[in-house]
Amino acid sequence: MKENVLNGKKNGMLVLLLEITVYILAITGFILGILSAETTWNATLSLICMAVMLLAWIPLLGLKILKPQEALVLTLFGRYVGTLKGDGFYWVNPFCISVNPASKTKLNQSGDVKSHTIPAPAVNANSLSFGTEPENKKLSLKIMTLNNNRQKINDCLGNPVEIGIAVTWKIVDTAKAVFNVDNYKEFLSLQCDSALRNIVRLYPYDVAPNVDTTGDGIADEGSLRGSSEVVADRIRDEIQNRVNEAGIAIVEARITYLAYATEIAAVMLQRQQASAIIDARKMIVDGAVGMVEMALERLSENQVVTLDEERKAAMVSNLLVVLCGNHDAQPVVNSGTLY
């Protein structure tokens, strides 16, 4: 299906003025024919004017009003005739019908697609609206956002993680969006879910050894937490490849939520804490050993005191206890000798 943009249809104001003029003339002729109905000609004029007044409203059905970044897909007796794009006051074949299969589907910022019934507008006898297409039949060409619910997905190591994405998108081909898929909004949401699962299962939550996330056969340091920009770009490309047939362009995809699933979150937190403690202890020990070595070298260079191997071992033990302990050291004054 190829989009056909209807140009040169901004004749709505001209048609509206002609309709007003026709009604004024028809009403005038009808009144004159009634007031002077002695001849057959006057009676015929009254009948013609009455017929005009009864049928002249049909062209008013072809009046369409569009605001900026709106489009209207039109069909005539089931055949696609074209799309109106751009703001303006249009007039088309009054028998054309606008089509929008996703008119009752709403993409919320806080969840997946939600269907709701639009109540019928109340009829007001004091107001007459013609030529204005219902808002739900128009397609928005603006950039819109789909924020799907969080999903529980296993990463490449089998750990369940919860992840959510926000996808910004817009319609670029109205004919494909309306006729190639049953409901382009639901189609987009489902493809986002599928693409997210396909990409997330290629990455570990955190950096893991011997994991290839790029598919080149070489282990790398890619992860969901550390390579969020790369993961988001791959998700966007994956979604775009899936929705091309629906005439939708994916502007951007971003990860909005990422965490371990609740059933393993506590265990993974303990693991991270243990890893952090080990790293901190390793740093403390490395620093303490360096300080002890420096102390022994300075004492030996300056010949402050001569220590045998046993006294050096005792000094090293005491310094390591002081430097690596969790609490402040309690000094002990030795008034005697070691022997």
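For Y203 and R225, the side-chain atoms include no donor-acceptor pair closer than 3.5 Å. A side-chain N or O of T83 and one of T174 form a donor-acceptor pair less than 3.5 Å apart.
Of the possible polar contacts, one joining the Q240 side chain to the I248 backbone as a donor-acceptor pair under 3.5 Å is found. Of the possible polar contacts, one joining the D173 side chain to the K176 backbone as a donor-acceptor pair under 3.5 Å is found. A donor-acceptor pair under 3.5 Å is formed between the side chain of S223 and the backbone N or O of G226. No donor-acceptor distance shorter than 3.5 angstrom exists from the side chain of N100 to the backbone of L139, with no hydrogens or angles considered. Within the 3.5 Å criterion, the main-chain N or O of N4 finds a donor-acceptor partner in the side chain of Y80. Between the side chain of T213 and the backbone N or O of L202, no donor-acceptor pair lies under 3.5 Å. The main-chain N or O of S103 is never found under 3.5 Å from a side-chain atom of K138 such that the two would form a donor-acceptor pair. Not one N or O on the side chain of W91 forms a donor-acceptor pair closer than 3.5 Å with the backbone of M13.
Heavy-atom minimum distance, A249 versus V172: CB-CG1, 3.6 Å. The two residues V5 and K85 have their closest heavy-atom pair at CG2-CD, 4.3 Å. Taking each heavy atom of A102 and N183 in turn, the nearest pair found is CB-OD1, 3.3 Å. In plain terms, the two heavy atoms of K10 and G88 that are nearest each other are CE-CA, 4.4 Å. Closest of all the heavy-atom pairs between A261 and K152 is CB-CE, 4.1 Å. Scanning all heavy atoms of the two residues, the minimum distance from P94 to I58 falls at CB-O, 3.3 Å.
In this structure, the separation between CD1 on I165 and CD1 on I255 is 8.5 Å, given to the nearest 0.5 Å. In this structure, K67 NZ and E70 CD are separated by 4.5 Å, a value rounded to the nearest 0.5 Å.
Taking the side chain as every heavy atom from C-beta outward, V92 and K64 approach each other to under 4.5 Å. Here the side chains of N198 and E238 are in contact, with some heavy-atom distance below 4.5 Å.
The number of heavy-atom neighbours closer than 6.0 Å to OH of Y257, taken from other residues, nucleotides and ligands shown, is above 12. A 6.0 Å sphere centred on NZ of K170 holds no more than 12 heavy atoms belonging to other residues, nucleotides or ligands.
L146 is not connected to L190 by any chain of hydrophobic side-chain contacts under 4.5 Å among Ile, Leu, Val, Met, Phe, Trp and Tyr, and they are in different clusters. Both I31 and Y23 are assigned to one and the same hydrophobic cluster, defined by single-linkage of ILVMFWY side chains at heavy-atom distances under 4.5 Å.
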Under the side-chain contact (heavy atoms from CB on, under 4.5 Å) criterion, do R254 and D233 qualify, and how do the steps go? CA-CA 8 Å; R254 284 290 176 263; D233 290 341; 4.1 Å; yes

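For F30, the ring-ring contact (aromatic ring centres under 6.0 Å, His included) criterion is met by no residue, not counting sequence neighbours.
Residue pairs meeting the ring pair (Phe, Tyr, Trp, His ring centres under 6.0 Å) criterion with at least one member in residues 204-227, sequence neighbours excluded, are Y205-Y260.
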